[in-house]
Every structure is written in structure tokens, then in C-alpha cells.
Amino acid sequence: LGSVIHRRTLALAAERNKEYKMKNRALLLVVLLLVSTLMFSVPCAADGTSRVGELDAIVDGGVEGSPPLSGLQLLVIRDGDVAYEYARGFARLTEKGKLPLGPEHRMRIASISKLVAAVGLMRLVEAAKVDLDKDVSEYLGFDLRNPNFPAEPITLRMILSHTSSIRDGSAYWMEAGERFEDFFLAGRPHYDDGAHFAFGEGRGPGRFFTYSNLNFGIVAAVIERVSGQRFDRYMRSAVLEPLGLPSSYNVCDLSATQPEKVATLFRKRDENEVWQPQGDWVPQLDHERFSCHYGREPVARGEDPGEVLPGYVPGSNPTLFSPQGGLRASARDLAVIGRMLMAGGTLDGQQILSQKSVEEMFTQQWHFDANQVNGNTEEGTEDGRRLFAAYGLSVHVMDLEEWALSGESRIFYGHLGSAYGLMGQFWLDPERGDALISLISGAGDDPDAQPGVSPMYRPSDEIMRWWLRHFPR
């Protein structure tokens, strides 16, 4: 943040009389630092005030049809560098009141976690330990077959692109002590009468897109069995730590060591899931107590959890740390990952992936074909704009023109996230080095009650349109 201000200050000072150059530069730097400290935002052009004001209105519920928000982190990347940052709202509710949300707070980013998990898997692909096009059963230790298409192998390419024919069923995670293969083997406790498998004409492996969280239990299982490490630990050592990020799929890594930096997710919704716009903000997750993994007794904020999962056998239950949605990260953390991907897999001299691997992740593996009806595009607008129209390897491919956000085609790569009140968007334009990252920690009313232009939730739609107005290309 300081470096952004410094660069802009230098550019302005250079235009002034040389005699006053250092004095004016220092004065302007002090002013900008004070503004950024008070507002947690970095205006990067003359209309910075209107940019902040419009975002404040979105957070406060001042945009008709869009509900108030408990908090918002936003970060804009332009030409490969951070150009704008904003954070407003509250991170937690305490007896003393609301603690302000800052850009350093981390929250559960929901399904954006899937894209990060795919980066971890691609590192094993590059090491020639995993082949995306082999039968995934070779890595799992049990035969994974859709019983409705028993002769057709399921591959990791299909799993990452949600064309695997795997379905969530009634559950896609298990508590400690349960066995992952029980989801898929007939007669086992979690088989759910085969509900985890697609059936019907044209629904076999590789032929039909349906977004499925359980696909990423499989991804985590492969990571664990091939690497010999628990999923959260592998992701920390292979991806997050090399990028200098304290983010983690194990919330207790953060709740114990950085308890004040973990933000709570909220909704104004009661125990019957009825929205109460005039009511109080209700914590949904990561408030005062934290479960290190599914099924574990929670520990208090700041409490040392002790040893987590002693004796765990990698691959036995890879859903424990929520590979489909459990990463705690900030918009700043995601900006580091985004910059790495847009730079071809390398950032600040640290190579995470090869250019080839990044390109493969971004390459469309599935595209909606209305003539064949080859996928479930999920939620969309009444006039036909689909939430899902194209997908890569754990990468949502979106065209601004198809979402009626632009009069011409402009492709973005990334992911959306939504769970426990979190509404997130992570969009990259590698061609220009641009990105938009926003994390909403909760809404005060149904965010889908009054749709916007795109198929996204209304607050996310407002943020996207704000970005396109203020950072046009």
C-alpha cells in the first residue's frame, strides 16, 4: 500500500519546481498516508472521492435494491500492480462494539478456495506425479466409477472441470473417523443410494457440466495420497508459504496465532433462515469459537488447539479441511495469487507453476451448447444470462458481453464464492494484467431478492459495475 502511494507521489512531485520538490513530495505523502489509514482505501486518480463514496454507499445499503453489508474488502490490480484497495465495515462484534474490518483481516473465502486447491494439484502434475487424463482410481486406492456408466473412467481433468458425473448428494464432507470412499461404494454408510452419481442420457463422465463440491474432496484425496501429506499442510508448504501468505485451510492455524485477524461472517437471518433486515447481525462462522476441522470440538479464539488429528492417514478423509471452500484469506492474499497467475506462474522470483500449467488451467474444458444442453448453468437472469457458460480447470471463464456488462467481448478467468454469508469474486484479465477481487462478509437482507445486470448476487454485481465504471479499458 505504501509503495503504491510512494510511486504516485513521485509522479506528481516530478512535475513541480525542482526547488520545492522534496518538500511537496513529503507533504503529499503524509496526507495520503493519513487518508489511507483512516479509510483503508487507496484512491489512484483524481476522482478517488467518488470511488470511495460509491463503495461506501454499497456497504451502507444506499444503492436501491442492494442490501447493506457487514463488511467489504476490495482490491483492484491494473497492469499487474495493485492500483486500489478498500476495506470498510466490521470484522467482529464484541462487548465493546464493532471492530473495524481492515484489509489485513482473513475470512473463509468459500469456493474461491477451489481455484487455489487446483494450483496445489497442478504442482504435482508438473512433478510428473499426477496425470490429469489417467483414471483417477489409480491415485485414490479404490475404484471410482459411476455405476450408471461403469465402463467409463473418471479423470482429474473431468473432476477439475465439473464434468466428472460426480454429484454432491445430501452431503459432500465427513467428520473425523469416517472413510472417504464410503461416498462412492455401494452398501457403505454414505453411499446415499447412489446420489453422488449422475444418471441419464448424455450425463456420463466428460459429457455434462454440473458444479459439484465433492469433486474437490477427490482433488484433496489425490493430493494427500500422492504427496503423503494432509491436505491443509500440503497446501501451506507447496503454495501458500512460498508466496509468503499466512492463509490456511486450517482455521486454527490463524485463530491461535493471529486471533484478531480472523473476520467473522454474518447475516441478518434467524435460526429458521428467515431474513430479518431490521434485526441484529447474526454471526454465521468464525466468531468466538473455531473447529479446526469437521467434527472437532471447537476452541476459543486465541486458544492453542494442541495437536490436530494425531495419527491421521493421508487420503482417508480429505474433506476434513473443506478443500471446496475452507481457505481463510484476505483480498490482499488473493491479489498475490492473482498476480502470480497473470505473470505466468512466477511472482517476485518465486515460481509456483509453469506458464504452460497456467495456460492449461485457463483453457476452456467445457462450454455451454444450447443445442445439446450439455450442462447445468445454474442460476441466471430472467432474460437468459447464465452464471456458468464456460469452465477451465477449476477456473470459471466469464465474458462481460454475455453478462451484459459490456458491449464487446472481454474474457475474465477466476472464481466466485458464496457460503455462510460470504460473497466473493476473483476475476483476472491476464491479457491486460487487470483484476478485481472483492470479499463481502455478509448481507443484511436477501442479496438475490432484486437482481442486478449480471447473474451474480446483487452486491457483487454492483461492485463489478463500479469497477468497470472507474477502471475502464
Side-chain angles (χ1 to χ4, degrees), residues 111 113-147 153-186 188-192 194-198 205 210-239 248-250 292-296 308-309 311-327 393-394:
S111 288
S113 307
K114 293 180 173 71
L115 189 152
V116 183
V119 172
L121 180 68
M122 292 302 290
R123 296 210 69 177
L124 295 176
V125 173
E126 289 192 351
K129 295 181 178 180
V130 170
D131 187 325
L132 294 177
D133 297 306
K134 279 190 174 181
D135 185 341
V136 73
S137 302
E138 295 186 22
Y139 308 111
L140 292 176
F142 63 91
D143 288 334
L144 177 62
R145 283 287 193 279
N146 184 328
I154 296 171
T155 69
L156 278 164
R157 187 178 301 278
M158 297 172 188
I159 289 164
L160 290 170
S161 61
H162 295 286
T163 60
S164 63
S165 81
I166 299 296
R167 303 290 181 263
D168 284 341
S170 61
Y172 49 83
W173 56 269
M174 298 172 170
E175 295 187 357
E178 299 182 287
R179 302 289 300 180
F180 182 61
E181 63 262 32
D182 288 353
F183 278 133
F184 308 108
L185 302 180
R188 297 292 185 90
H190 295 279
Y191 187 66
D192 200 13
H196 297 294
F197 298 102
T210 295
Y211 189 87
S212 169
N213 290 290
L214 187 53
N215 279 322
F216 280 79
I218 300 171
V219 168
V222 172
I223 286 174
E224 290 194 350
R225 286 186 58 85
V226 171
S227 71
Q229 294 180 265
R230 209 172 65 195
F231 172 74
D232 62 312
R233 291 174 174 170
Y234 170 82
M235 289 300 301
R236 191 166 65 229
S237 64
V239 178
S248 182
Y249 283 85
N250 179 355
C292 304
H293 56 77
Y294 288 127
R296 185 170 187 212
V308 176
L309 286 176
Y312 176 76
V313 177
S316 60
N317 183 1
T319 70
L320 286 169
F321 294 95
S322 191
Q324 82 287 345
L327 181 62
L393 297 178
S394 191

How far apart are the closest heavy atoms of [X] and [Y], and which atoms are they?
| X | Y | result |
| --- | --- | --- |
| E138 | K134 | OE1-CD, 3.5 Å |
| V136 | I218 | CG2-CG2, 4.1 Å |
| N250 | C292 | OD1-O, 3.3 Å |
| L185 | F142 | CD2-CD1, 4.3 Å |
| Y172 | F183 | C-CZ, 3.7 Å |
| G228 | P314 | O-CG, 3.4 Å |

Does [Y] offer a backbone N or O that forms a donor-acceptor pair with the side chain of [X] under 3.5 Å?
| X | Y | answer |
| --- | --- | --- |
| N146 | A198 | yes |
| S137 | L144 | yes |
| D192 | G169 | no |
| Y139 | A221 | no |

Pairwise distance [atom1]([X]) to [atom2]([Y]) - rounded to 0.5 angstrom:
| X | Y | atom1 | atom2 | value |
| --- | --- | --- | --- | --- |
| F180 | T319 | CZ | OG1 | 7.0 Å |
| F231 | F321 | CZ | CZ | 10.0 Å |
| Q229 | M235 | CD | CE | 11.0 Å |

Problem set entry | side-chain hydrogen bond (donor to acceptor under 3.5 Å, both in side chains) partners of residues 217-228, not counting sequence neighbours, each pair once | E224-Y312
For this session: Would you please test Y234 and V226 for side chain to side chain contact (heavy atoms under 4.5 Å, CB included) and show each step?
Result: CA-CA 11 Å; Y234 170 82; V226 171; over 6 Å; no
Taking side-chain hydrogen bond (donor to acceptor under 3.5 Å, both in side chains) as the test, write out the residues that go with [X], two or more places apart.
| X | result |
| --- | --- |
| Y211 | S111, K114 |
| E126 | S354, S357 |
| N215 | H162, S164 |
| D232 | R230 |

Can you list everything that forms a side-chain contact (heavy atoms from CB on, under 4.5 Å) with [X]? Sequence neighbours excluded, please.
| X | value |
| --- | --- |
| P153 | D135, R145 |
| P189 | D182 |
| A176 | H293, L309, L320 |
| S113 | I109, Y249, L327 |

Exercise. Under a 4.5 Å cut-off applied to non-hydrogen side-chain atoms, are I154 and S165 in contact?
Worked result: yes
Exercise. Any side-chain donor-acceptor pair under 3.5 Å between S212 and T210?
Worked result: no
Problem set entry | Contact list for residues 164-178, test salt bridge (charged side-chain N to carboxylate O under 4.0 Å, His left out), sequence neighbours left out | none
Problem set entry | Of all pairs that satisfy salt bridge (charged side-chain N to carboxylate O under 4.0 Å, His left out), the ones with a partner from residues 213-222, not counting sequence neighbours |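 For residues 213-222, and leaving out neighbouring residues, there are no salt bridge (charged side-chain N to carboxylate O under 4.0 Å, His left out) pairs at all.
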Listing, residues 116-125 side-chain donor-acceptor contacts under 3.5 Å, not counting sequence neighbours, or none:
{"residue": "R123", "atom": "NE", "partner": "I352", "partner atom": "O", "Å": "3.2"}
{"residue": "R123", "atom": "NH1", "partner": "A238", "partner atom": "O", "Å": "2.4"}

